[in-house]
There are 2 protein chains.
Amino acid sequence: MGEMAVNRVLERLQQANCKMTPQRMAVLQVLEENQGRHLTAEQIFLMVKHRMPLIGMATVYRTLELFAGLGVLNKASFDEARFRYEFGEEDRHRHHHLMCVECGEIAELEEDLLHSLERQVEESGFQVLDHALVIYGRCARCRGLA
Amino acid sequence: MGEMAVNRVLERLQQANCKMTPQRMAVLQVLEENQGRHLTAEQIFLMVKHRMPLIGMATVYRTLELFAGLGVLNKASFDEARFRYEFGEEDRHRHHHLMCVECGEIAELEEDLLHSLERQVEESGFQVLDHALVIYGRCARCRGLA
DNA sequence: AGAGATAATGAGAATCATTATCGCTGACTG
DNA sequence: CAGTCAGCGATAATGATTCTCATTATCTCT
Ligand SMILES: [Mn+2]
Ligand SMILES: [Mn+2]
Ligand SMILES: [Zn+2]
Ligand SMILES: [Zn+2]
């Protein structure tokens, strides 16, 4: 379970001439056990700290930066004053998010529905590399719809 | 020129039981003279400071927060560590942005091409209130295309 | 005009997230 | 067994934003 995720990270670390360390492994495990969530650095730090009490915040930030650079972690902004991180497959940066303005919950929209839009944009001479779409609103639960 | 923008702000200020002050007017003028741009608080502060040297940063932040609350100023995040502000018509929150990762320039996409996407989302029970779409890439100029 | 009530301001401190610095340790190299 | 050096933790520093508080401007009612 999670083998492949860990292996992918190990592979990328080697390619980048970086080592796997106990700290990095602890962060990796937390990320992997929380796939699908969109965590803040602080949330990640607290979870890692739980299993490795001596780890420092700076190491967590460094590791997040490293993993993001390796392309296995997505660092994203949701119009808050801080970043959130989501672990996952390489190509997951092309999905969208629904954020509930009431409870803060972030859900995902699996399909990438922007292909035609991006094609239009490229016709104007702008080379599209990535995109970020967040839809704000109220989730079904907060609306009392079941 | 810019009459209507100023008038709209005056109107909203009254509705909210707030006064127009020289400081707020200075910020407003700077915003209005820079319509179409996506400025940081610091950029705005420097421009305002130029015409009102005694103004403080805190007042600028307070005013930006106030204007955003009045719905005449859009406070947006572009995956940087700070916010940018754009002044404009009330409904301009439904447009999209193209950000060049090389020069940082932000261009706009006038059409809102997300209606069908949002309709789909609403079918899932999520009530859409707003959205933010930023497309990252390289602008024509940075690509050397004329 | 004067007095009091209240809103707004400017300076600077405080806060929050993030990044840089630095001395140390521990794993590999030769 | 040194020697090197990436990675570490503690802590200081930074940058953006917000808060606090004493002072000032504005408004209202005499
Ligand atoms: Mn996601
Ligand atoms: Mn815009
Ligand atoms: Zn909700
Ligand atoms: Zn460019």
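Chain letters run A, B, ... following the sequence lines, proteins first and then strands; every chain starts at 1.
- The CG atom of Asn34(A) lies 11.0 Å from the CZ atom of Phe87(A); values are rounded to the nearest 0.5 Å.
- Between Arg138(A) and Glu105(A) there is no salt bridge, since none of the side-chain N atoms of the basic residue sits less than 4.0 Å from a carboxylate O of the acidic one.
- Mapping Glu65(B) and Lys49(A) onto DNA chain D by nearest heavy atom places Lys49(A) at the nucleotide closer to the 5' end.
- Cluster membership for Leu46(B) and Tyr85(B), using ILVMFWY side-chain heavy atoms within less than 4.5 angstrom, is shared.
- Remark: Lys75(B) qualifies as a cation-pi partner of Phe83(B) under the 6.0 Å distance and 45° angle criteria applied to the six-membered ring.
- Atom-to-atom, CZ of Phe45(A) to C1' of dC16(C) comes out at 15 Å; the value is rounded to the nearest Å.
- Taking atom NZ on Lys75(B) and atom C1' on dA16(D), their separation rounds to 10 Å, with Å as the unit.
- Remark: Leu73(A) CG to Ile44(A) CD1 distance equals 6.5 Å, nearest 0.5 Å.
- Comparing dT18(C), dC8(D), dC19(D) by their nearest atom to the side chain of Tyr61(A) picks out dT18(C).
- Atom CZ of Phe67(B) is separated from atom C1' of dA8(C) by 13 Å (rounded to the nearest Å).
- Of the candidates dG10(C), dA10(D), dT17(D), dG10(C) carries the atom nearest the Ile55(B) side chain, counting heavy atoms from C-beta on.
- Listed in residue order, the members of residues 9-24 of chain B having a heavy atom less than 4.0 Å from DNA chain C are Cys18(B), Lys19(B), Thr21(B), Gln23(B), Arg24(B).
- In this structure, Arg84(B) and Met57(A) both approach DNA chain D, and ranking their closest nucleotides by distance from the 5' end singles out Met57(A).
- Between dC8(D) and Thr59(A), no contact under 4.0 Å exists linking OP1 or OP2 to a side-chain N or O.
- Whole-Å rounding puts the Phe83(B) CZ to dA16(D) P distance at 13 Å.
- With respect to the salt-bridge test (charged N to carboxylate O, under 4.0 angstrom), the residues Glu102(B) and Arg141(B) do not qualify.
- Considering CD1 of Ile135(A) and CG of Leu129(B), their distance stands at 11.0 Å, rounded to 0.5 Å.
- Atom C1' of nucleotide dT19(C) and atom CZ of Arg62(A) are separated by 10 Å, given to the nearest angstrom.
- Considering only side-chain atoms of Ala41(B), the nucleotide from dT18(C), dT19(C), dT17(D) that sits closest is dT17(D).
- In this structure, the nucleotide among dT19(C), dC8(D), dA16(D) sitting nearest to the side chain of Arg82(B) is dA16(D).
- Comparing Leu54(B) and Tyr85(A) against DNA chain C, the residue whose closest nucleotide sits nearer the 5' end is Leu54(B).
- Listed candidates were dC8(D), dA20(C), dT18(C). Nearest to the side chain of Ala58(A) is dA20(C).
- Rounded to whole Å, the distance from CD on Glu80(A) to P on dT18(D) is 14 Å.
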